Novice: 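I have a structure here, written as structure tokens, and I will follow up with some questions on it.
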Amino acid sequence: MRIALVIGSTVSTIKDEALRGRKLLIVRAADTEGKPTGEPYIAVDTVSAGTGDLVIVTEGSSARYTGLTQNASVDSVIVGVIDSLESGGKFTYQKQ
Amino acid sequence: MRIALVIGSTVSTIKDEALRGRKLLIVRAADTEGKPTGEPYIAVDTVSAGTGDLVIVTEGSSARYTGLTQNASVDSVIVGVIDSLESGGKFTYQKQ
Amino acid sequence: MRIALVIGSTVSTIKDEALRGRKLLIVRAADTEGKPTGEPYIAVDTVSAGTGDLVIVTEGSSARYTGLTQNASVDSVIVGVIDSLESGGKFTYQKQ
Amino acid sequence: MRIALVIGSTVSTIKDEALRGRKLLIVRAADTEGKPTGEPYIAVDTVSAGTGDLVIVTEGSSARYTGLTQNASVDSVIVGVIDSLESGGKFTYQKQ
Amino acid sequence: MRIALVIGSTVSTIKDEALRGRKLLIVRAADTEGKPTGEPYIAVDTVSAGTGDLVIVTEGSSARYTGLTQNASVDSVIVGVIDSLESGGKFTYQKQ
């Protein structure tokens, strides 16, 4: 799963029942210090995340395997908020 | 899901029943201001999108999880038209 | 789905029943003018395509969702031959 | 599957039942000598791996096909610890 | 599917029943002349391939669709040995 930083949100016109009403956030892949490194893309929020949170994003078919996204046409879902990352024996990121 | 800009369309000869008759648009991945950044590819339209629209594209197996693409051999589908994108506390894109 | 150019074919020794006997073509991702831009890879032909054709390739699990590839161990399938591509209000490619 | 080096771990707040309680490690893709070459990402541990181990990571839908990850919203899982890699007729990596 | 060159093998400690005992080879994506171009990764052998063979690798969920990999946590499987590749009207690769 990706380490990603939430950078914003989107308002969209969506027809599909299973996807409509879901909170769609804009995220970017991040490194172990929480700095964004990738291009922005959209992920469905299932954990009440917000801008500035470092999160875990599951991609592909497994994005449909949460209670809020079953059978929905989604390929990226936020499944957790990261509290801390440890690498090389020390904390590289800790949630404020 | 990807933020993508619709840049054109394609006419093709398709044998498969489930895919035939679907509107196939050409899209490019875009940034949070709606500027295209990626290579062109083809996505099935399910929301009556048109050239110039900024859209949400779902990829992979989840592209089959819309009413118009069930069990079709498709890997990219337009699931929404973006009305606005907000990043860093301000609107970076608003539909005209 | 990808816009791709057929550049050749392969002869292979395959054990799997579901895949054996399928025509395996070599394709490269292409731009909206039909010029190849990507690395060569192999796709199963389901539309009687040939070298020089610009085609639509479906990838991932959806490659199994054609009549010729059901339950086969394939991840790329040619689902259509492109007749024309239109981008920016003009035709960028038309089949000869 | 990827050859990957375990470089750390993460503590996260996760709602989903199927994913909660799983050990989430930080890994980087590695070459045949075990040197990390890719960006860090998160994989579910199913083999009691630890920092410094060279492991095999399965990605995509198949990450759900282990006893510990069935029907969980995960896209990367550690399925094995690498004891040795052989390339070009000699050992390029051997576990200490 | 990818054109790939077998460059080595791996010995690993694997817990999962469906994956244990499978031959795991190291492969690199290759061009139409059989020269390796990509980073090394691991694929399950189902065709008795060996180092130096040019092979066809299926990736993603379809890697589970061979007789030897059903329901296994694998994302890359060797499904064929390439006898010859033809591109631009001439043979670019022929098995010795």
Side-chain angles (χ1 to χ4, degrees), chain D residues 1-6 23 27-39 43-50 53-72 74-95, chain E residues 1-2 4-30 34-46 49-53 55 57-66 68-79:
Chain D
M1 287 77 75
R2 278 202 197 165
I3 302 164
L5 181 69
V6 179
K23 188 165 64 157
V27 299
R28 292 179 62 190
D31 62 20
T32 52
E33 295 178 355
K35 288 181 203 148
T37 56
E39 299 298 312
V44 180
D45 179 35
T46 69
V47 295
S48 300
D53 279 341
L54 200 64
V55 295
I56 299 176
V57 177
T58 292
E59 304 193 347
S61 64
S62 293
R64 296 192 307 268
Y65 284 71
T66 75
L68 287 175
T69 55
Q70 280 175 23
N71 297 317
V74 303
D75 61 19
S76 301
V77 63
I78 298 172
V79 295
V81 174
I82 294 174
D83 295 313
S84 64
L85 295 174
E86 171 273 320
S87 177
K90 59 179 183 185
F91 286 106
T92 54
Y93 171 85
Q94 283 187 286
K95 190 176 177 182
Chain E
M1 287 77 74
R2 277 201 198 165
L5 181 70
V6 179
I7 66 162
S9 62
T10 175
V11 175
S12 305
T13 301
I14 288 180
K15 282 187 180 169
D16 208 68
E17 288 290 337
L19 184 53
R20 197 160 38 187
R22 295 289 161 247
K23 188 166 64 158
L24 302 180
L25 296 179
I26 308 174
V27 299
R28 292 179 62 190
K35 289 181 201 147
T37 56
E39 298 298 312
Y41 62 103
I42 295 171
V44 179
D45 179 34
T46 69
T51 294
D53 280 340
V55 295
V57 177
T58 292
E59 304 192 347
S61 64
S62 293
R64 296 192 307 268
Y65 283 72
T66 75
L68 286 175
T69 56
Q70 281 175 23
N71 296 318
S73 186
V74 303
D75 61 19
S76 301
V77 63
I78 298 172
V79 294

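Since the structure is predicted, the reported quantities are computational estimates derived from the model, not experimental observations. So you know, we letter chains A, B, ... as the sequences are listed, proteins then strands, and number each from 1.
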Novice: For the side chain of E/Ser12 and the backbone of D/Gly80, is there at least one donor-acceptor N/O pair under 3.5 Å apart?
Specialist: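 Not at all, since once roles are kept as given, no pair shorter than 3.5 Å links the two residues.
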Novice: Could you report the tightest heavy-atom contact between D/Asp31 and E/Pro40, atom names first, then the distance?
Specialist: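 D/Asp31 and E/Pro40 have their closest heavy atoms at CA-CG, 4.4 Å.
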Novice: Evaluate the side-chain proximity of E/Val11 to D/Glu86: yes if any heavy-atom separation is below 4.5 Å, no if none is.
Specialist: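 The answer is no; the side chains never approach within 4.5 Å.
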Novice: If I measure from the heavy atoms of chain D, does E/Ile7 come under 4.5 Å with its side chain, its backbone, both, or neither?
Specialist: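 Backbone plus side chain of E/Ile7, per the 4.5 Å heavy-atom cut-off to chain D.
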Novice: Which heavy atom of E/Lys15 sits nearest to which heavy atom of D/Thr46, and what is that distance?
Specialist: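 Where E/Lys15 meets D/Thr46 most closely, the heavy atoms are CD-O, 3.8 Å.
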Novice: Any idea which heavy atoms bring D/Glu59 and E/Asp75 closest together, and the distance?
Specialist: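 Heavy atoms only, the tightest pair is N-OD2, 2.7 Å.
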Novice: Under the side chain to side chain donor-acceptor pair (under 3.5 Å) rule, collect the residues that match up with E/Thr13, sequence neighbours excluded.
Specialist: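 Scan of E/Thr13 (side chain to side chain donor-acceptor pair (under 3.5 Å), adjacent residues dropped) gives D/Asp83.
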Novice: Just to verify, which of D/Ile56, D/Thr58, D/Val57 counts as forming a side chain to side chain contact (heavy atoms under 4.5 Å, CB included) with E/Ile42?
Specialist: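 In the set D/Ile56, D/Thr58, D/Val57, the residue that makes a side chain to side chain contact (heavy atoms under 4.5 Å, CB included) with E/Ile42 is D/Ile56.
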Novice: Which atom pair, heavy atoms only, marks the closest approach of E/Ser73 to D/Tyr65?
Specialist: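 Heavy-atom minimum between the residues: CB-O, 3.4 Å.
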Novice: Among all residues two or more places apart in sequence or in another chain, which pass the side chain to side chain donor-acceptor pair (under 3.5 Å) test with D/Glu33?
Specialist: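 D/Glu33 satisfies side chain to side chain donor-acceptor pair (under 3.5 Å) with D/Lys35 once adjacent residues are dropped.
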Novice: Checking D/Val77 against chain E: side chain, backbone, both or neither under 4.5 Å from a heavy atom?
Specialist: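 Side chain only.
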Novice: Atom CD1 in E/Ile26, atom CD1 in D/Ile3: separation rounded to 0.5 Å?
Specialist: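 Rounded to the nearest 0.5 Å, the CD1-CD1 separation comes to 5.0 Å.
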Novice: Counting heavy-atom pairs under 4.5 Å to chain D, which of E/Val74, E/Thr51, E/Ile14 comes out on top?
Specialist: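 Of E/Val74, E/Thr51, E/Ile14, E/Val74 has the most heavy-atom pairs under 4.5 Å with chain D.
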Novice: Could you walk me through whether E/Thr10 and D/Ile82 pass the side chain to side chain contact (heavy atoms under 4.5 Å, CB included) check?
Specialist: CA-CA 7 Å; E/Thr10 175; D/Ile82 294 174; 3.8 Å; yes
Novice: Is the shortest side-chain heavy-atom distance between E/Asp16 and D/Val79 below 4.5 Å?
Specialist: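 No, too far: nothing below the 4.5 Å cut-off.
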Novice: Do you know which of E/Ala63, E/Ser61, E/Ser9 has the most heavy-atom pairs under 4.5 Å to chain D?
Specialist: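 Top option by heavy-atom pairs under 4.5 Å: E/Ser9.
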Novice: Where is the tightest heavy-atom contact between D/Ser62 and E/Gly60, given as atom of each residue plus distance?
Specialist: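 In this case the closest contact between D/Ser62 and E/Gly60 is OG-O, 4.4 Å.
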